[in-house]
Amino acid sequence: YRGWMRVLAMDAGVCTAIALTITCVYYLLGASVLSRLQIIPQGIAVVEQVSSIFTETLGPTAKGVFMVGAFCTLFSTLLVFAASSGRIGADFLHHIGLAGLQTDAGRSRWIRILQSTFPAFWLFVILFAADTPFLLVLLGANANNLLLIPMAYGVLHLAMREAQSYRMSMAVEAGLMLTIWVIINFTAVNLYLTWTG
């Protein structure tokens, strides 16, 4: 158990470090290139406008590579979102006692319903808010954060209840609590910005 938890902790740590580094580099490169070109990504052409980050630094041939990568990233994100949101939603509805989820057939039916409803809802939002990418980013961040907060609480609750021999270190617990605090604060700021327009 401890050996496997060390593997999981190492995997999560390395993946988080890589994701953080790539995100920071992408943000800084994008901010510097788009600011110099005076481009504010907006409307339906937002992906093509963002591709100028790479065409300006690597040349025009980078656009094709970027578009293929963007399609693969967005399509895989859509598939994972549809699959996971349906299962998470069905589990949540089961735990709050919604009728019809006690059997495997009922649970499968609700998973299919939610896996279709969530992407359809976001497609509706995109079609009617295509000219406001900032609002779409805020809505996506809010949706993610509102799912992350109860999940983070659940992880922290389980971590604090474990036997002392299986407890995570104080540094990891402090890091987890700091992460939850940051998520809650960013959610509050995002909700405020979304509400005030």
Side-chain angles (χ1 to χ4, degrees), residues 5-81 84-85 122 125-126 129-153 155-156 159 168-197:
M5 289 306 295
R6 279 196 295 271
V7 171
L8 290 178
M10 176 66 73
D11 180 68
V14 170
C15 290
T16 302
I18 291 172
L20 179 64
T21 303
I22 291 173
T23 302
C24 290
V25 170
Y26 184 67
Y27 176 80
L28 293 173
L29 179 64
S32 62
V33 172
L34 295 178
S35 174
R36 184 170 56 81
L37 295 175
Q38 296 182 344
I39 294 176
I40 300 175
Q42 56 188 348
I44 200 70
V46 68
V47 175
E48 187 166 350
Q49 291 168 341
V50 170
S51 72
S52 63
I53 296 171
F54 299 98
T55 56
E56 287 294 314
T57 54
L58 302 173
T61 55
K63 182 176 180 179
V65 176
F66 173 79
M67 288 298 190
V68 170
F71 172 78
C72 293
T73 301
L74 295 173
F75 186 69
S76 64
T77 301
L78 176 63
L79 288 180
V80 170
F81 170 76
S84 62
S85 61
W122 284 111
V125 170
I126 289 167
D131 294 331
T132 55
F134 183 64
L135 177 62
L136 291 177
V137 170
L138 288 178
L139 287 173
N142 289 336
N144 253 354
N145 290 346
L146 290 173
L147 285 173
L148 282 174
I149 290 172
M151 288 175 62
Y153 169 77
V155 170
L156 188 63
M168 59 182 75
S169 67
M170 288 299 293
V172 175
E173 285 186 8
L176 183 59
M177 287 188 277
L178 176 64
T179 302
I180 295 170
W181 180 81
V182 169
I183 290 170
I184 291 171
N185 280 277
F186 271 106
T187 303
V189 171
N190 283 343
L191 288 171
Y192 174 77
L193 289 174
T194 304
W195 186 261
T196 58

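Nothing fancy with the numbering, it's 1 onward along the sequence.
The shortest distance between side-chain heavy atoms of Ile53 and Tyr26 falls below 4.5 Å.
The backbone N or O of Leu20 lies less than 3.5 Å from no partner atom in the side chain of Thr23, so there is not a single donor-acceptor pair.
Rounded to the nearest 0.5 Å, atoms CZ (Arg36) and OG (Ser52) are 9.5 Å apart. Atom CZ of Phe66 is separated from atom CG of Leu58 by 11.5 Å, given to the nearest 0.5 angstrom. Here the OG atom belonging to Ser32 is positioned 9.5 Å from the CG atom belonging to Leu37, to the nearest 0.5 angstrom. Atoms CG and OH, on Leu29 and Tyr27 in that order, are 12.5 Å from each other to the nearest 0.5 Å. Going from atom CG of Leu34 over to atom CD of Glu56 covers 9.5 Å, rounded to the nearest 0.5 Å.
Other residues, nucleotides and ligands contribute over 12 non-hydrogen atoms within 6.0 Å of the CZ atom of Phe81.
Partners of Leu28 according to the side-chain contact (heavy atoms from CB on, under 4.5 Å) rule, which considers only residues two or more places apart in sequence or in another chain, do not exist here. With sequence neighbours left out, the side-chain contact (heavy atoms from CB on, under 4.5 Å) criterion links Leu74 to no other residue.
Checking Asn185, Ile183, Ile184 one by one against Trp181, the side chain to side chain contact (heavy atoms under 4.5 Å, CB included) holds for a single residue, Asn185.
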